[in-house]
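See structure below.
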Amino acid sequence: MENKENKIYEDEALNNASEKESNKEGVNPSEGEQATAGAEVEEPAEITMEEKLSELEGQVAKERKEYLFLMAEFDNFRKRTLKEKSEIIKNAGENVLKGLLPIMDDFERGIKASEGAEDSSSIIEGMVLIYNKLKKYLSQNGVKEFDPSDDNFDTEKHEAISVVPVPDESKKGKILDTVEKGYMINDKVLRHAKVVVGQ
């Protein structure tokens, strides 16, 4: 029993002595650990810079590949869009012309019927029917003639082919006669009207 108690006291004495020695030297165990940790951090700092450089180089290479891929993708998109646009224009023209074919058929039938006809009124009636059919078709496709009641000269819509002096001041700058009708397609001038203007 006494031996055990003596051993405990000896252990405590040794611990106290080692603490006093470390305090005399001025080295704190936690400071020693920090100093050791600091020494270990300095060495990997150089490795971290190299790793960072290689990581950035990899990132640049990756982004360059992505940029080249996007450029190729955009070029393909541009070519595809141009092709689709040209096909739309081609097919739109095709559809318009296809719609005119029944009117051509009507003209052919009218010509054949007029060869043996003695009554001119039936020929005129047939021509009016074909004309109305064509006018309706153009209207369905957005083509309309200028308002015939509008007698104000407008350089955006009219082309003056002749200027006639007029005694009446109210007729100056007004359309006196329309030689050729003007047409618009979806609020855009398709053909200027050829008119005679008073001066």
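Being a predicted model, the structure only gives us computed values, none of them experimental. Note that the numbering runs from 1 along the sequence shown for the chain.
Residues D75 and R78 meet the side-chain proximity criterion, which asks for heavy atoms closer than 4.5 Å. The side-chain heavy atoms of L56 and Q59, taken from C-beta on, include a pair separated by under 4.5 Å. Between L129 and K133 the shortest side-chain heavy-atom distance does not fall below 4.5 Å. Annotation: side chain of V195 is not in contact with side chain of E159 (no heavy-atom distance under 4.5 Å). Between E145 and K135 there is a side-chain heavy-atom pair separated by less than 4.5 Å.
For the pair Y137 and I103, the tightest heavy-atom approach, listed with the atom from each and the gap, is CB-CD1, 4.1 Å. Between V197 and A160, the shortest heavy-atom distance links the atoms CG2-CB, 3.8 Å. Contact record, M127 with F107: SD-CE2, 4.4 Å, taken as the closest heavy-atom pair. Between L176 and V164 the shortest heavy-atom distance is CD1-CB, 4.1 Å. Closest of all the heavy-atom pairs between R109 and P102 is NH2-O, 4.5 Å. Contact detail for F153 and G173: the closest heavy-atom pair is CB-O, 3.4 Å.
When the shell of 6.0 Å around NZ of K157 is examined, it contains more than 12 heavy atoms from other residues, nucleotides or ligands. Other residues, nucleotides and ligands contribute at most 12 non-hydrogen atoms within 6.0 Å of the CG atom of D187. No more than 12 heavy atoms of other residues, nucleotides or ligands shown are found within 6.0 angstrom of CD on E125.
With hydrogens and angles disregarded, no donor-acceptor distance shorter than 3.5 Å links the side chain of N141 to the backbone of V143. A donor-acceptor contact shorter than 3.5 Å is absent between the side chain of H158 and the backbone of K194.
In terms of hydrophobic clustering, with Ile, Leu, Val, Met, Phe, Trp and Tyr side chains grouped at heavy-atom distances under 4.5 Å, I161 and Y183 are assigned to different clusters. No chain of hydrophobic side-chain contacts below 4.5 Å, direct or via other Ile, Leu, Val, Met, Phe, Trp or Tyr residues, connects M184 to L138. At a threshold of 4.5 Å between side-chain heavy atoms, the hydrophobic network of Ile, Leu, Val, Met, Phe, Trp and Tyr places L134 and L190 in one connected group. Clustering ILVMFWY residues whenever any of their side-chain heavy atoms sit less than 4.5 angstrom apart, transitively, puts I111 in a cluster other than the one holding L101.
For the atom pair H192 NE2 and F146 CZ, the distance stands at 6.5 Å (nearest 0.5 Å). Distance CD/E108 to CD1/I130: 10.0 Å, rounded to 0.5 Å. For the atom pair E66 CD and E73 CD, the distance stands at 13.0 Å (nearest 0.5 Å). Here the OG-CG distance, from S86 to N91, works out to 9.0 Å after rounding to the nearest 0.5 Å. Distance check, rounded to the nearest 0.5 Å: CD1 of I88 to OG1 of T81 gives 9.5 Å. Here NZ of K136 is found 9.5 Å from OG of S139. Values are rounded to the nearest 0.5 Å.
Considering V179, I175, T178 as possible partners of V196, the one that fulfils the side-chain contact (heavy atoms from CB on, under 4.5 Å) test is V179.
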- Item | K172 and E169: CA distance, side-chain angles, deciding distance, salt bridge (Lys or Arg N to Asp or Glu O under 4.0 Å) verdict | CA-CA 5 Å; K172 286 187 177 180; E169 286 290 324; 3.2 Å; yes
